[in-house]
2 protein chains.
Amino acid sequence: MGAYVLGIDLGGTKIEAAVFDGEGKIVGRHRDKTEAWRSEEEVFERIVAVATQAVQNSQIESSQIAAIGIGSPGPLDPDTGYVIETANLPFRNFPLGPKLSERFNNCPVTLNNDVDAGTYGEFKAGAAQGAKFVLGVFVGTGIGGGLILNGEMYNGFNKNAAEIGHIVIEANGPKDGRGIRGTMENLAARPALARDIKKAIKRGKKTLMSKKMDKKTGTITSGDIQECYDAGDAVVKRVVNRAAKHIGLGIGSLVNVLSPEVIVFGGGVVEALGESFLKRIEKDIRKVAFDFTMKNVKIVRAQLGDDAGITGAAMLARETLGQKVLTAR
Amino acid sequence: MGAYVLGIDLGGTKIEAAVFDGEGKIVGRHRDKTEAWRSEEEVFERIVAVATQAVQNSQIESSQIAAIGIGSPGPLDPDTGYVIETANLPFRNFPLGPKLSERFNNCPVTLNNDVDAGTYGEFKAGAAQGAKFVLGVFVGTGIGGGLILNGEMYNGFNKNAAEIGHIVIEANGPKDGRGIRGTMENLAARPALARDIKKAIKRGKKTLMSKKMDKKTGTITSGDIQECYDAGDAVVKRVVNRAAKHIGLGIGSLVNVLSPEVIVFGGGVVEALGESFLKRIEKDIRKVAFDFTMKNVKIVRAQLGDDAGITGAAMLARETLGQKVLTAR
């Protein structure tokens, strides 16, 4: 299993790709914008271009790539390599795996959910190495999850498990886009924080955010939130602490159901707000979860940052080498 | 694997035991009250007595029993056979597995959570046969869960996973005994229904339950609830329908995380309230869970009733035959 593998991370804003050698070291990489407003075929060509450039940067031939792994927003079908649909990308029932295979010498391609790939990366090469039961929690534009159970990627019956952002933790909470009240994502992801801060501003509360946020678009970034939080801004602190509490209640609930060994927290909001945010989350996890279920459980921050996705995708591809080959139709 | 196995179900009110032959048929059984107010040793002797009587009723020798499986309230450690603690039984760090083994010719003993055993029974011989991903939901004095993932009993890192009653679904809901607000169990198990009905009575609401409930003890049984519900009692209907909604929100949330293939509902409350209760639960499950995650998923009622526990315990014992032997210390 010393061959080169290619890992690709497809996101709503950027595409990343890297070639990993037999020891798991990155020997070449490339990234570019997704330009997600384009058509399916155009975005697909951008993926091929980024991947091709990463291979060229590795100074190997594409024929030396033994397997390709790609992480994509879902839902998707890892068995067929089809992306079923995506919220921020044009893909609808798109044979991303088979088409990539076709463009790279019929090389085997594995397709996984992007957050699953990120969790797998942390499991194989990051903060959760050595654990057999891992719950990955990524807080950013949404709250995505990944599950490693008994040392293996867990997808469940319909192959799209670990949608942890879509658990109800406040039955009377605000409605999300699907009309569901009080999901963890709609209480604690970045858009929820931005919504709650803007609400406070509308109610006449004073906050540094009024000056910091983008006046025209109303955009509030994770960095904006972090700066106001660190400056001790009362409104932002209240909103952030409430989000931490909601995440703690949700993840504590999931601990009682899943009994993980390591809980890895990553994503833009966690990276920006850092240790004190995580400590608050941990407090509520430990309140809700049973003591015996939390025994020797580690709560850690992700280590690989932006590389988690490409690393996990590549490792997943390597492990299925010789087992599952997707060919173009 | 044609040998006899003994399955035991230890509950707060009764102990059941049955001998299963090589084809999974019950060839002898016995049950008796637990008398849970007694000491650890006394309750243990009652378990031994019920098991011994079940063997005698089978007209075999106890030396013909190849393995014993016991389901017990937890938390417990299936690896060592110790019951760590129990809410309604005297056991604290009690070596139930090893001690049973000692009393039955050093026969191998497997110890599992009672609800896990019940779910396993439904998986092997009941409503969830043939499925690989099963979520068992048992609503009674509490809300217990069991998980079969990838065709195997799932216990997680600390061996006590699937505590599905202890997920938060209403962050501002009523506090439970541990001080946690809005857990599914504290919103929708029988004691929660009884509490909410009594609250309505206190507020002066008219309900058939005022006459039906035990005046002295205030006890409200699942049967009482069912009779008032079927009679169209407005107070009871409102309380029951709210509980169904809360269970639906909680289980729908877990579907998004676990992606089960079959969801089996059992327990006293589900048995009493029947199909219309389950239909209401299903409505909210399908609202919260993603359509692609619910594709081809079956929501069914448990088939084995009181026999689920002994059946699952016996099947779990049979499967570990030759793998894991607990001997007395």
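Hydrogens, waters and symmetry mates play no part in the numbers below; they use all other heavy atoms, side chains included.
The environment of A/Asp291 atom CG is sparse: at most 12 non-hydrogen atoms of other residues, nucleotides or ligands sit within 6.0 angstrom. No more than 12 heavy atoms of other residues, nucleotides or ligands sit less than 6.0 Å from atom CG of B/Asn88. More than 12 heavy atoms of other residues, nucleotides or ligands lie within 6.0 Å of CD in A/Gln129, so this atom counts as buried by the packing criterion.
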Identify every side-chain donor-acceptor pair in residues 188-195 of chain B under 3.5 Å, counting partners at least two apart or on other chains, and give the distances.
| unit_1 | atom_1 | unit_2 | atom_2 | d |
| --- | --- | --- | --- | --- |
| B/Arg190 | NH2 | B/Thr141 | OG1 | 3.1 |
| B/Arg195 | NH1 | B/Asn186 | O | 3.1 |
| B/Arg195 | NH1 | B/Asn186 | OD1 | 3.0 |
| B/Arg195 | NH2 | B/Asn186 | O | 2.9 |

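Residue B/Ile164 touches chain A through both its backbone and its side chain, counting heavy-atom pairs closer than 4.5 Å. Only the side chain of B/Tyr154 comes within less than 4.5 Å of a heavy atom in chain A; its backbone stays farther off. Looking at A/Met184, neither its backbone nor its side chain comes within 4.5 Å of chain B, counting heavy atoms on both sides. A/Leu147 touches chain B through its side chain: at least one heavy atom from C-beta onward sits under 4.5 Å away, while N, CA, C and O do not. Contact annotation for A/Ala289: only backbone heavy atoms (N, CA, C, O) come within less than 4.5 Å of a heavy atom of chain B. Only the backbone of B/Asn155 comes within less than 4.5 Å of a heavy atom in chain A; its side chain stays farther off. In this structure, no portion of B/Arg181 lies under 4.5 Å from any heavy atom of chain A.
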Legend entry - Working for side chain to side chain contact (heavy atoms under 4.5 Å, CB included), residues A/His166 and B/Val288: CA-CA 8 Å; A/His166 298 272; B/Val288 172; over 6 Å; no
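Chain B forms the most heavy-atom pairs under 4.5 Å with one residue out of A/Arg178, A/Lys132, A/Lys159, and that residue is A/Arg178. Ranked by heavy-atom pairs under 4.5 Å with chain B, the first of A/Gly182, A/Gly173, A/Pro260, A/Gly145 is A/Pro260.
Atom OG1 of B/Thr183 is separated from atom CG of A/Leu249 by 11.5 Å, given to the nearest 0.5 angstrom. The distance from the CD1 atom of B/Ile180 to the NZ atom of A/Lys287 is 5.5 Å, given to the nearest 0.5 Å. To the nearest 0.5 angstrom, A/Leu149 atom CG is 6.5 Å from B/Leu149 atom CG. Summarising the geometry, atom CD belonging to A/Glu163 is positioned 5.5 Å from atom CZ belonging to B/Phe292; distances are rounded to the nearest 0.5 Å.
Panel note: side chain A/Ser259, backbone B/Asn158; a donor-acceptor pair is recorded below 3.5 Å.
Ring pair B/Phe133/A/Phe157 is tilted by interplanar angle, where 30° to 60° counts as tilted.
Below 4.5 Å, heavy atoms of chain B meet heavy atoms from A/Ser253, A/Leu254, A/Asn256, A/Val257, A/Leu258, all part of residues 250-258 of chain A.
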